[in-house]
Amino acid sequence: MARKKGAHEAEEERTGVDRWNASVNHESDSAVRPKRKSRRTRADRRRYISTLVVLVVVLAVCAFGFTPVGERITQGLDIQGGVSVIMTATKSDGSTPSSDEMSEATQIVQQRVNSLGASEATVQQQGTNSILVQIPGATNADDAVSTIGQTGHIEFVRMDQIGDADALAKLNAGTEDVQLEEGTYTAFLDGSSITNTSVDQSSSSTSGSYAVNVTFNDEGAQKFAEVTKELAPTNGRICIVLDGVVKSAPAVQSEITGGKVSITGNFSYDDAQSLKTVLDSGSLPVTLTYSESRVVGPTLGQDSLQQGIIAICVGVAIVVVYLFFFYRGLGLLTMGSLAVFAVLYLGLLALLSHFGYYSLTLPGLAAVVLTTGSAADSSILVLERFREEIRMGRTVKNASVSGAKHGIRTSLDADIVTLVTALALFFVAVGSVKGFGLTLALGVACDVVTMFCFKAPALRLLALGTIQRHPKFWGVDYDLDEAQARKEAAAQKAAQAQQQDCQQVVPASSEEGGVRNA
């Protein structure tokens, strides 16, 4: 019968090379896990550093974009001052406009204000027949609203069909801006046929004046060609009439096809741009007259701005003291988060101001203060969750991963609620409340970027070694002591439970085969 070989005999039958290979394989197997762990740590370190490097580049661009702040970020009416105008609307017959006509007039005025580049201007209907216009930065009420209140009804009229004798005499004498009496002429084309407008320097003028070029649609181009064909043999004139005033009356030399016409009239560049703005937005269905206009000084707004900046500085100082007192070295991380948040925030506001989409108002300043406090809260929440994970027994590295993840998730829940509220204010409200909602939404977006691009990678990078080597400086020494105490208490409790289990076990005695006394 074959006998199994013992372990010693099997070892003797193996050659020295086999035993050496076996020992090497054993050592390499024991080293696989630490080596893989080290590779993963280095990969994580590179990823965190890369994220922070990209963030530094973005911050440098933002800092360049908003410096100096007072010039790069547009200020609203309540901070820098401006013009506030109330215009009353009436119909041509003197009656009160309908609600639909007022809505259309308000939209046209808003388009004209936007085309003039007035950032954060307020245009809203007041009552049944009034429109409020507030333009930040404007210094003259008449100059600021002369364009937006113009009716803008443009007409093309044959001069031989005008029945106003006085106006014809003035036109023949070369008088400019002649007012035509209503009902004495009939237009063959109006502004509804215009599809495009542009401004360039007039080629027929030696004084450097500008012209407004208009392009008709197909129907208008055909009608204009027919009229010019009829007038060309006699060099008849076509009057271009804006709100009843003849702006130019050129003589027709030949048939004009293609639907492109230049409106001249010794326009300056600003005048030509104003006319272009009026033609682009269309004619108003009502007549607007200025019932009240005033220039708002910036004194009150500047005082409020300074008080707001002082409030922000005091709040930040209190937060810094609090962070150093309770979090020690980890407080530096929160301060860094606030600095990153502020640079991103200012850079975004400067970018939107550059393109005319934003203007800082006092309600917007309140939103800045509010979102700065929210950014500090979210950073503190991440730190608290990180320390809580350490007290639960996790290593510093693992706590930085799970703590940042859970802390950011909780902060995102609060940010989403705030963002929904801010967007609702932006899309529903008007005026300064609309600006408050926009500023609040931008602050929430910057906080989210800060959490993912600075808070999480910076905390995890520090947790790979720095925090473990200096736990007292980073304020986690008490958390580590508490985790160790919990671990020892749990081990002691388990030992006591095991000892109690051993004491409850009684050895069983067998009576089978034993000798018993009678």
Query raised in the report: Hey, are the side chains of L412 and M451 touching, using non-hydrogen atoms and a 4.5 Å cut-off?
Result: yes

Query raised in the report: Which heavy atom of L440 sits nearest a heavy atom of A367, and at what distance?
Result: N-CB, 3.8 Å

Query raised in the report: Is the backbone N or O of F64 less than 3.5 Å from a side-chain atom of T67, with the two atoms forming a donor-acceptor pair by type?
Result: no

Query raised in the report: S374 side chain to L370 main-chain N or O, any donor-acceptor pair under 3.5 Å?
Result: yes

Query raised in the report: Where do V401 and R460 come nearest, in terms of heavy atoms and distance?
Result: O-NH2, 3.2 Å

Report summary line: For C453 and T51 the tightest heavy-atom approach is O-CG2, 3.7 Å

Requested in this report: Might you point out which heavy atoms bring L365 and L360 nearest each other, and give the distance in Å?
Outcome: N-CD1, 3.8 Å

Query raised in the report: Is the shortest heavy-atom distance from the side chain of L352 to the side chain of L442 under 4.5 Å?
Result: yes

Query - Verdict with supporting geometry, L344 and V58, side chain to side chain contact (heavy atoms under 4.5 Å, CB included) - result: CA-CA 8 Å; L344 289 175; V58 174; 4.0 Å; yes

Requested in this report: Could you give me the CA-CA distance, side-chain angles and deciding distance for L480 and V396, then say whether side chain to side chain contact (heavy atoms under 4.5 Å, CB included) is met?
Outcome: CA-CA 9 Å; L480 292 171; V396 174; 4.2 Å; yes

Requested in this report: Kindly say whether G393 contributes a backbone atom to a donor-acceptor pair with the side chain of R486 at under 3.5 angstrom?
Outcome: no

Query raised in the report: When you measure from the side chain of S379 to the backbone N and O of A376, does any donor-acceptor pair fall under 3.5 Å?
Result: no

Query raised in the report: When you look at Q124 and T106, which way does the side chain to side chain contact (heavy atoms under 4.5 Å, CB included) test go after all the steps?
Result: CA-CA 7 Å; Q124 62 185 72; T106 304; 5.8 Å; no

Query raised in the report: Hey, what do you get for OG1 (T450) to CD1 (I408), rounding to the nearest 0.5 Å?
Result: 10.5 Å

Report task. Output the distance between atom OG (S99) and atom CE (M102), rounded to the nearest 0.5 Å. Result -> 9.5 Å

Report task. Identify the heavy atoms of F386 and I467 that sit nearest to each other, and give their distance. Result -> CZ-CD1, 4.2 Å

Query - side-chain hydrogen bond (donor to acceptor under 3.5 Å, both in side chains) partner of Q484, chosen from E488, E482, K487 - result: E488

**Report entry** OG on S50 to CG on L55, rounded to 0.5 Å
**Finding:** 12.5 Å

Report task. Mind checking the CZ-OG1 spacing from F326 to T334? Nearest 0.5 Å is all I need. Result -> 13.5 Å

Query raised in the report: Is any side-chain heavy atom of L464 less than 4.5 Å from a side-chain heavy atom of K397?
Result: yes

Requested in this report: Could you please spell out the steps behind the side chain to side chain contact (heavy atoms under 4.5 Å, CB included) verdict for V109 and L288?
Outcome: CA-CA 10 Å; V109 171; L288 295 179; 3.9 Å; yes

Query - Any donor-acceptor pair under 3.5 Å from E104 side chain to L284 backbone - result: no

Query raised in the report: Judged by atom type as modelled, is there a donor-acceptor pair below 3.5 Å linking the side chain of T195 to the main-chain atoms of T215?
Result: yes

Report task. Report yes if the side chains of F66 and V343 come closer than 4.5 Å at any heavy-atom pair, otherwise no. Result -> yes

Query - Trace of the salt bridge (charged side-chain N to carboxylate O under 4.0 Å, His left out) decision for K455 with D447 - result: CA-CA 10 Å; K455 294 176 187 177; D447 184 33; 3.5 Å; yes

Query raised in the report: Closest approach of L52 and F454, non-hydrogen atoms and distance?
Result: CD2-CD1, 4.0 Å

Requested in this report: Answer whether the closest heavy-atom distance between the side chains of T197 and L275 falls below 4.5 Å.
Outcome: no

Query raised in the report: Which distance, rounded to the nearest 0.5 Å, do you find between the CH2 of W474 and the CZ of R469?
Result: 10.5 Å

Query raised in the report: Can you check whether T439's main-chain N or O pairs, donor with acceptor, with Y345's side chain at less than 3.5 Å?
Result: yes

Query raised in the report: Got a second to check how far S411's OG is from I416's CD1, nearest 0.5 Å?
Result: 11.0 Å

Query raised in the report: Does the side chain of R385 reach to within under 4.5 Å of the side chain of K405, using non-hydrogen atoms?
Result: no

Query raised in the report: Can you find a pair of side-chain heavy atoms, one from Y327 and one from E384, that are under 4.5 Å apart?
Result: yes

**Report entry** H406 atom NE2: more than 12 heavy-atom contacts under 6.0 Å
**Finding:** yes

Report task. Would you check if the side chain of R387 reaches a backbone N or O of V476 as a donor-acceptor pair within less than 3.5 Å? Result -> no

